Amino acid sequence: MKVDTNTRFEDYPFIVPTQKRLENKLAGFIQELKECGSARTAKLVIKHYNNYMEEISNQFNVIYVLYSIDTTNKAYKKAMEKMDELSPIVSNYSNEFTKILVKARYRKDLELEYGKFLFKQYDNALKTFDEKIIPDLIQENKLTSRYDEIMGGAQIKFRGEVLNLTQLGKYTQDIDRETRKEAAKAMDKWLSEHDQELGDLYGQLVQVRTEIAKKLGFKSFTPLAYLRLGRTDYDPKMVKGYRDQITASVTPLTTKLYKQQAKRLGIKHPQYYDYNLMFTSGNPLPIGNKDVLVKAAKEMYEDMGKETNVFFNHMLDCHLMDLEAKPGKAPGGYCTYFPLYKTPFVFSNFNGTQADVNVLTHEFGHGLQMYLSADIKVPEYRDPTMETAEIHSMSMEFFSWPYMEKFFGDQAEKYRYCHLVDAIEFLPYGISVDEFQHWVYDHPKATHEERCQIWREIELKNCPHKVYDDTPTLEKGRWWLRQSHIFTSPFYYIDYTLAQVVAFQFLIESRKNHAKAWKKYIKLCKSGGKYPYTEMLRKNGLRVPFEEGNVEKVIKPLEKILKAFDTEKM
Ligand SMILES: [Zn+2]
C-alpha cells in the first residue's frame, strides 16, 4: 500500500482489521514460505509479509492513538477490544513464520542478505515462547494487572481530601516541610495496610515466572528475562560489574550532592522526603502554556540541525502530536510510530510543570530516531532494544540545554542544574532495583520478609541518604513495593541507567565539540536497532558502561560541570 507521507493525522483512515481477512492473509504467507525452496523465492514472500505486517501495525497504532486521545468514544473503544483479541493471533502467526525461517535449509543465504543479528534475535525470541506456557503467561498478565489495579485504586485520606498515589505524591514534594512529612506518613500508612497483599502478589509473580522459565528449559527466570528483553550481547555477570562501578563511583558523589542539598534547605536531620525538594525557592516552572512551549520547541529544533528542523516541522504540519491534557484523554505520555507514513506520533498530557518540557525534548528524541530510521529495509532493525532507545531521548534532553532559556526564562540555569543532578542521582537507585531483582529470582522461595530485608541492605549500600525515621514501613524495606517495573516489567529498569551513562557522554562531548557530538548522535539515531547495545556503542565511538573504569571516566567530567553552577543564586 502506497500512501502520501505528508498526510495529516486526521486524514489517516480508521480501519479495524477483521479476523477472517487477517488469518487468511497470514496463513497464506506461511503456506507460501513453506513452499519456498530457495532464499531467492523466500525473500519475495518475506517482502510481502513485511508489507502486510506494516499495514496491520499501522492500523493498530492509529486505533491506539485515537483511543488514547478520546477514551470515551465507543467506536474507538470497540476497536481497541478487537485489537486486544487480534494481537495474540498475529503473534502466533509471526511466531510460525519465524520458525520456518530459522529452520530453513537456505538460512545461511538469508543471513547473508539480512545479517546474522536478525537471526540471532529470531533464535532468542523462539526460546522465550512455547504453547505450553500460554496458561502461565495469562496468569502472569492477570497478576500484573492486579498490581496496576491496587496501585491505581489507592484512596488515601489527606487533609480532608481523598487522593490517589500520584496526587499524594505531589504533597511529598511540597515546599513546606510539615506537608511533606504528613504526606510521607500517609503514604507509609497506606503501604503498611497493603503490605501483605502486595507481598503475596509479588510472591505469586516470582513463582509463575520461575515456572515459565523451568518449562522452557531455563535454570531460573533471570536468563529468560534477558532474552525477553532482547539482550544478546551482555549477561548478568557483566551487569553486576557495571552495578559495582556505579556503587563505587557514583554513590560517593550523590552522597555529597545530598549533603549540599540538605545544607541548602537548612535541614539538620534530613529524611528521604526532604530530598524531593531541590531548592527552597521551589522547582523551575516553564514560562508558558502549550502554544508558548511548542513555539519554543519549533525555534529550538530549527536551529539545532537540519534533521531536527525537517522532522519537527513535519510533525507540526501533519498534526502528529496531541499534547494538552483534556477530559477523556488517557493518562501519561508516549511516542509511537506509523510505519506506512514513516512517521512517529507524540502523545502527552501537559500540566504546567517541567514535565511538559521533558515531553518536547525526551519524547521527540525518540521520535527523531524513529523518523531517521524509517528507511532501514529490515523492519526489525528499525527498533532498538530499550537500553539503546533511551539513549536517543535522554541525549536529546542534553542537546536541548542551550535552548532552555526559551522554556524557563531566567530559571533555565536552575533547570539545567536540577536536570543533571536528578540524572546522576537516579543511577544508584536504578541499579538497586536491578540488584534486588537478580537476588529475588536467584532465591525464588524466599519469603516477603526476606525480600524486604535484602531490599533495605541494597538500599543502604547504594542510597545511604534514604532515612526513614518517620516512615516505619519504608524503614522495614518496603520502598520497592511502589516501583511498578519490579512487578510489571521484570529486569527492565537498568536500561534507563545504561542509556543515561551514554547520554552523559553526549553532554560532555557536546560541550567540547558540539558539531562532532551532534554528528555522532545523528548517526546513532540513523542506526536504529541494527546492532545490539555494546556493538552499537563501539561502532559509534561511545564508551561501553560494562567495561571496568568507564563509569568513572564518564562521571568525573560531570563533577566539573556541576561545580560551575552557582547554586547560591537559585
Ligand atoms: Zn523514553
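Every number for a ligand or one of its atoms is a count from 1 in the order of the listing. Computed from a prediction, not measured in an experiment: that's the story for all the values here. Keep in mind that the numbers below use all heavy atoms, side chains included, and drop hydrogens, waters and symmetry copies.
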Close aromatic pair by centroid cut-off 6.0 Å: Y341 and Y12: yes
So, does N462 use its side chain to make a donor-acceptor pair with the main chain of Y429 at under 3.5 Å? no
Can you list the protein N, O or S atoms less than 2.8 Å from the Zn ion (ligand 1)? H362 NE2, H366 NE2, E390 OE1, E390 OE2
Would you please name every residue forming a ring pair (Phe, Tyr, Trp, His ring centres under 6.0 Å) with F436, sequence neighbours left out? W455, W480
Looking at residues at least two apart in the chain, or sitting in another chain, which of them share a ring pair (Phe, Tyr, Trp, His ring centres under 6.0 Å) with F398? W401, H419, F504
Please identify each residue that fulfils ring pair (Phe, Tyr, Trp, His ring centres under 6.0 Å) with Y301, with sequence neighbours left out. F312
When you measure from the centre of the six-membered ring of Y531, is the NZ or CZ of K539 under 6.0 Å away and within 45° of the axis? yes
